[in-house]
Amino acid sequence: MSNRAHNFCAGPASLPTAVLERAQAEMLNWQNRGVSVMEMSHRHKSFMDLTAQAEANLRQLMQIPDNYKVIFMQGGATAQFSLLPLNLLGDKAQVDFVDTGIWSTKAIKAMAPYGNANVIASSQGQNYLTVPQQADLKISSDSAFVHYCPNETIGGLAFDYIPETGDIPLVADMSSVILSEPIDVSKFGVIYAGAQKNIGPAGITLLIVRDDLLGKARFDTPGVFNYQSQWQNDSMLNTPPTYAWYLAALVFEWLLENGGLEAMGKQNRAKASALYSAIDSSSLYDNNINTANRSIMNVTFTLADEALNAVFLEQAEANGLLNLKGHRSVGGMRASIYNAVPMESIEALISFMQDFEQQHWK
Ligand SMILES: *Cc1c(COP(=O)(O)O)cnc(C)c1O
């Protein structure tokens, strides 16, 4: 699609062009029903078939074991920061947290009304350039679960291992890394992710919950935010965001047609490694995150002369390279290179960065 820009937005992020084309083709007349998919009852058999197929496809993609439930909710990953303690604390009063940056900190802060947020390890002292090691994780037997963020979207910092937490369930905010490569779901108690990075458009949130963790919600948890009641109602306790769900279903199909998560992982590693090599071989651009913890989804970098930031962004945009500005809280640049961002966009970015360096720095 020649008029599609190279879109490095952190979220809501790029969607596969093939998915958008299909949605466009099906917009006015879905499955020959004379209406769009967003203009029909979520309880209509054809829509229920779509959601059942979406779950089956997701289970196949992620190899989700049978003792895990797939639940869709609203409220984004941010709502989950509060819904996790409401649903999982049970008779415990504490949660262990690993702090690796802005998103894990938000989860820690949201815990306050519900119990004690026990920060067992943090890389704040290292300016979040690395992640705590397994040996640093002193997990408390009094905690209901251990929470961490495997990929810090803003910092561009990623775990290179899955923490071992013994009998205490591990809960992961996978918003910006889900579906980017194969993972072993059986290591987790709960995996959750807002959709707008690697799943679909904003408005729907995915939860994968080990079934022994259901049924512990506090009595005053609203039904629509209660994991067990949503699961019992096929995630349709009330009207779900049907169009977002439909687009997520199309993305799952697209992933299966394109080799699944093995193929995505390979491609994502190749994309990230090309971009990090370009940064490392330059004297203008810099990324000083511990090499093993560099994110393959969100590549952050700074310019040696900050005065060049504005002109860098302006010229990038003029060249069809969009949304490279880093998060307002950290500055610098960030290229988010989720599944839907093709290698050709990475190549276009690298070539622009090299030209820019020639003109303004060397
Ligand atoms: C984007 C993001 C969130 C916030 O998602 P919302 O859907 O806006 O609530 C939370 N955690 C991580 C890791 C994210 O990347």
Side-chain angles (χ1 to χ4, degrees), residues 7-15 71-87 95 97-111 117 122-124 128 131-132 145-160 162-163 170-181 183 188 190-208 224-225 227 230 235 240-241 243-245 247-248 251 268 272 289 293-300 323-330 334-341:
N7 182 7
F8 301 98
C9 194
S14 189
L15 284 162
I71 302 167
F72 290 96
M73 277 194 179
Q74 299 187 57
T78 303
Q80 295 304 322
F81 297 160
S82 306
L83 299 179
L84 286 160
L86 275 173
N87 278 276
V95 171
F97 286 90
V98 184
D99 167 30
T100 49
I102 288 172
W103 287 116
S104 37
T105 300
K106 287 195 192 225
I108 291 164
K109 290 203 169 127
M111 175 71 195
S122 169
S123 56
Q124 188 180 27
Y128 297 126
V131 306
F145 59 93
V146 179
H147 181 277
Y148 86 122
C149 181
N151 186 77
E152 285 279 358
T153 322
I154 293 171
L157 178 74
F159 273 76
D160 54 336
I162 298 175
L170 177 63
V171 173
D173 176 0
M174 291 206 188
S175 294
S176 53
V177 74
I178 195 150
L179 301 173
S180 65
E181 61 182 343
I183 52 144
F188 297 88
V190 176
I191 289 170
Y192 68 100
Q196 67 273 22
K197 280 89 184 220
N198 238 350
I199 298 175
I204 193 161
T205 313
L206 169 66
L207 282 143
I208 302 169
V224 293
F225 289 139
Y227 297 167
Q230 276 293 13
S235 305
Y243 200 70
W245 204 336
L247 280 169
V251 170
N268 287 327
I289 290 175
N293 301 118
R294 285 171 155 184
S295 168
I296 60 167
M297 293 279 97
N298 310 97
V299 178
T300 51
N323 300 310
L324 287 164
K325 191 171 180 174
H327 191 269
R328 57 194 144 75
S329 58
V330 292
R334 171 175 55 172
S336 293
I337 52 173
Y338 303 116
N339 289 340
V341 178

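All ligand and atom numbering here is 1-based and tracks the order in the structure.
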Polar side chain donor-acceptor pair, S104 to D173, under 3.5 angstrom | no

Mind listing the closest non-hydrogen atom pair of R334 and N298 along with its distance?
-> CD-CB, 4.2 Å

Among A77, S176, P12, whose heavy atom sits nearest atom 5 (O) of ligand 1?
-> A77

Atom 11 (N) of ligand 1: nearest protein contact (heavy atom, Å) = D173 OD2, 2.6 Å

For T78, take its heavy atoms, then give the atoms of ligand 1 lying under 4.0 Å from any of them.
-> 4 (C), 6 (P), 9 (O)

Quick note on ligand 1: atoms under 4.0 Å from a heavy atom of K197 include exactly 1 (C), 2 (C), 3 (C), 14 (C), 15 (O)

Work out which heavy atom in S175 is nearest to a heavy atom in A77; give both atom names and the distance.
-> OG-CB, 3.3 Å

Ligand 1 to C149, heavy atom cutoff 4.0 Å, flagged ligand atoms 13 (C)

Return yes if a side-chain donor-acceptor contact under 3.5 Å exists between D99 and S122, otherwise no.
-> yes

Specify the protein heavy atom at minimum distance from atom 15 (O) of ligand 1: its residue, its atom name, and the distance to 0.1 Å.
-> T153 OG1, 2.4 Å

Are any of the N or O atoms of G75 closer than 3.5 Å to those of ligand 1?
-> no

Do the ring planes of Y192 and F81 sit parallel (below 30°), tilted (30 to 60°) or perpendicular (above 60°)?
-> perpendicular

Which residue owns the protein heavy atom closest to atom 4 (C) of ligand 1, what's the atom, and how far is it?
-> W103 CH2, 3.4 Å

G76 neighbourhood, listing ligand 1 atoms whose heavy-atom distance to it stays under 4.0 Å | 7 (O), 9 (O)

Name the orientation class of the two ring planes belonging to H147 and F97 (parallel below 30°, tilted from 30 to 60°, perpendicular beyond 60°).
-> tilted

Of V299, V131, T300, which meets side chain to side chain contact (heavy atoms under 4.5 Å, CB included) against I289?
-> T300

Structural part of Q196 in contact with ligand 1, heavy atom criterion under 4.0 angstrom | side chain

